[in-house]
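Computation of the quantities below employed the complete heavy-atom set of this structure, encompassing side-chain atoms and omitting hydrogens, waters and symmetry-equivalent molecules.
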Amino acid sequence: MRVNPVLDQIGSHAITAIQDRARHLREAGRPLVDFSIGDPREPTPAFIPEALKRAVPRVSQYPTVMGLSALRRAIAGYIGRRFGVEVDPDTQVLPTTGSKESIFSTALAFVDRERGDGVVWPTPGYPIYERGARLAGAVPLPVCLPDDFLFRASDVPDRSWEQARMLWLNSPHNPAGVVTPLDELARFRERAQRHDVLLCSDECYVDLYDGDPPASLLTVGGTEGVLVYLSLSKRSGMTGYRSGAIVGDERAIAVLKSLRTGTGTAPPEFTQAAAIAAWNDDAHVEQRRNLFRRKREIVSQGFAALGYPTIGSEAGLYIWLKVKDDVAMTERLLEHGVVVSPGRVFGPGGEGHVRLALVPNLDECEQAIDVVRTCLGEV
């Protein structure tokens, strides 16, 4: 069967192989503590599924692409409380079925492959930036991050700025957990405006932090030429609800609305009702933030005591550890029942690191550190 050759070039998601091995071990009766996928297992706060249940209709009908006005207002309200920025819920907010599909599909709306448009993204990073760019026919323009894993505007070569149609930011960063400071966001904004580059900022982890709240690109010079991607998955424990949003430049939002109208991509209204409840409440987010802070302390301190320092890991959902051989470390830990992700699956520059997603509960985190103390002396 003939297929798009790009699918062969990008292959399947590299973490899939790790998950397959872990599943076989689990089916064989091996107990595992799984840090590999960013899918927290704490119960979703009860008021959220209750809102969903109340909204399930007797007659199911198609949702509109722009979603419920109450949801757009709730998202705009969150933006105002969290970042002190006012956005128009009617023209600058677009509900999505999670952030992954919206990140993937954005390049389809803005890349002109015949013109040779490029897409810039940091590596190591979230694989969807590359996948969306390549399947849209963009020229790939990855930028390998320095040792501190902070993406800087000066890291992007001049020729890439000139060729780029889009550039992806990610703060807090997946996998390294580094937060981009406000002055660096401003530098990206200035360069992007100079070269007419659409600046896309993945801020799905912006509400999970230990110290000062991470800034948003929305706070730097307004929304012109800017799109920010948000998600309820980690903020509210709603990974399975597939609920997110794009906020920013009203012209770009109109283009994305047109794309999504053509594909029929829109979140169901009953999940929108759950999202309204989640965006309107901040108390549950503080509780989740405190929980992940405690997990971060247990895991990072446990590995540090064994001589494996964290890099970045200041916010978001992940611990990023420096090791000698990320594949050997991953395999050794898996043999002892601890599942992690080797850094190289996140792209060039990830070698020599492993990522741990803070999804096991507190007891499992403690248990995993006990296992690690036993096995790492043999690595």
Side-chain angles (χ1 to χ4, degrees), residues 12-44 98 100 124-128 172-177 204-205 208 231 233-242 288-289 291-304 306 308 310-313 315-323 325-346 350 353-376 378-379:
S12 61
H13 199 300
I15 296 180
T16 302
I18 300 167
Q19 285 293 296
D20 287 344
R21 288 185 61 192
R23 185 178 66 255
H24 291 318
L25 289 171
R26 195 176 286 111
E27 290 172 351
R30 292 281 303 279
L32 297 177
V33 181
D34 194 343
F35 291 95
S36 63
I37 299 293
D39 194 1
R41 292 194 289 273
E42 286 78 22
T44 304
K100 187 173 187 177
Y126 189 32
I128 303 305
H173 176 256
N174 173 14
C204 295
Y205 302 98
L208 299 180
S231 173
S233 289
K234 281 65 176 187
R235 176 189 185 272
S236 299
M238 294 173 62
T239 53
Y241 288 66
R242 311 310 302 140
R288 290 178 63 79
R289 186 158 48 243
L291 175 63
F292 286 113
R293 180 182 296 121
R294 179 62 186 134
K295 291 183 184 183
R296 188 181 305 280
E297 291 172 353
I298 293 170
V299 175
S300 61
Q301 291 174 9
F303 274 94
L306 295 167
Y308 295 92
T310 57
I311 307 295
S313 305
L317 190 66
Y318 307 107
I319 296 291
W320 187 239
L321 293 172
K322 185 171 181 59
V323 299
D325 186 326
D326 52 310
V327 172
M329 173 71 86
T330 299
E331 292 178 348
R332 189 61 173 175
L333 289 175
L334 185 57
E335 289 175 5
H336 287 76
V338 177
V339 190
V340 303
S341 300
R344 66 187 64 200
V345 306
F346 302 100
H353 300 80
V354 295
R355 191 195 78 172
L356 288 83
L358 297 172
V359 296
N361 61 38
L362 290 172
D363 289 341
E364 288 174 327
C365 288
E366 296 276 12
Q367 173 190 338
I369 293 302
D370 288 340
V371 172
V372 166
R373 291 191 187 101
T374 300
C375 76
L376 283 191
E378 306 170 27
V379 174

With distance as the sole test, does [X] use its side chain to make a donor-acceptor pair with the main-chain N or O of [Y] at under 3.5 Å?
X: Arg296; Y: Gly316; answer: yes
X: Asp39; Y: Thr239; answer: no
X: Arg373; Y: Gly302; answer: no

- Please report the C-alpha distance between Val327 and Glu331 in whole Å, then the side-chain angles of each, then the deciding distance to 0.1 Å, and finally whether the side chain to side chain contact (heavy atoms under 4.5 Å, CB included) criterion is met. CA-CA 6 Å; Val327 172; Glu331 292 178 348; 3.7 Å; yes
- Message: Suppose we screen for side chain to side chain donor-acceptor pair (under 3.5 Å). Which residues come up paired with Glu297, at least two apart in sequence or across chains?
- Response: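 For Glu297 the side chain to side chain donor-acceptor pair (under 3.5 Å) partners, ignoring immediate neighbours, are Arg294.
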- Query: With sequence neighbours excluded, what pairs up with Thr330 under the side chain to side chain donor-acceptor pair (under 3.5 Å) test?
  - Reply: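 Counting only residues at least two positions away or on another chain, Thr330 forms no side chain to side chain donor-acceptor pair (under 3.5 Å).
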So which heavy atom on [X] is nearest to which on [Y], and how close?
X: Glu364; Y: Asn361; value: N-OD1, 2.7 Å
X: Val339; Y: Leu334; value: CG2-CD1, 3.7 Å
X: His336; Y: Arg332; value: ND1-O, 3.1 Å
X: Ser36; Y: Ala357; value: C-CB, 4.4 Å
X: Val33; Y: Gln367; value: CG2-NE2, 3.8 Å
X: Lys234; Y: Phe292; value: O-CE1, 4.5 Å

- Any chance you could lay out the side chain to side chain contact (heavy atoms under 4.5 Å, CB included) test for Val345 and Asp326, step after step, and finish with the verdict? CA-CA 10 Å; Val345 306; Asp326 52 310; over 6 Å; no
Student check: side-chain heavy atoms of [X] and [Y] closer than 4.5 Å:
X: Pro40; Y: Leu317; value: yes
X: Arg355; Y: Asn174; value: yes
X: Phe35; Y: Cys365; value: yes
X: Thr44; Y: Met238; value: yes
X: Val323; Y: Tyr308; value: yes
X: Cys204; Y: Tyr126; value: no
X: Leu358; Y: Ile319; value: yes
X: Pro124; Y: Trp320; value: yes

Separation between [atom1] of [X] and [atom2] of [Y], rounded to the nearest 0.5 Å:
X: Leu321; Y: Thr310; atom1: CG; atom2: OG1; value: 7.0 Å
X: Phe303; Y: Ile369; atom1: CZ; atom2: CD1; value: 5.0 Å
X: Glu366; Y: Ile298; atom1: CD; atom2: CD1; value: 4.0 Å
X: His353; Y: Ile311; atom1: NE2; atom2: CD1; value: 5.0 Å
X: Tyr241; Y: Ser233; atom1: OH; atom2: OG; value: 11.5 Å
X: Ile37; Y: Ser341; atom1: CD1; atom2: OG; value: 6.0 Å

- Item | Centroid-centroid distance, Tyr205 to Tyr318, less than 6.0 Å |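 Ring-ring flag for Tyr205/Tyr318: true, centres closer than 6.0 Å.
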- Item | Partners meeting ring-ring contact (aromatic ring centres under 6.0 Å, His included) with His173 (sequence neighbours left out) |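 None.
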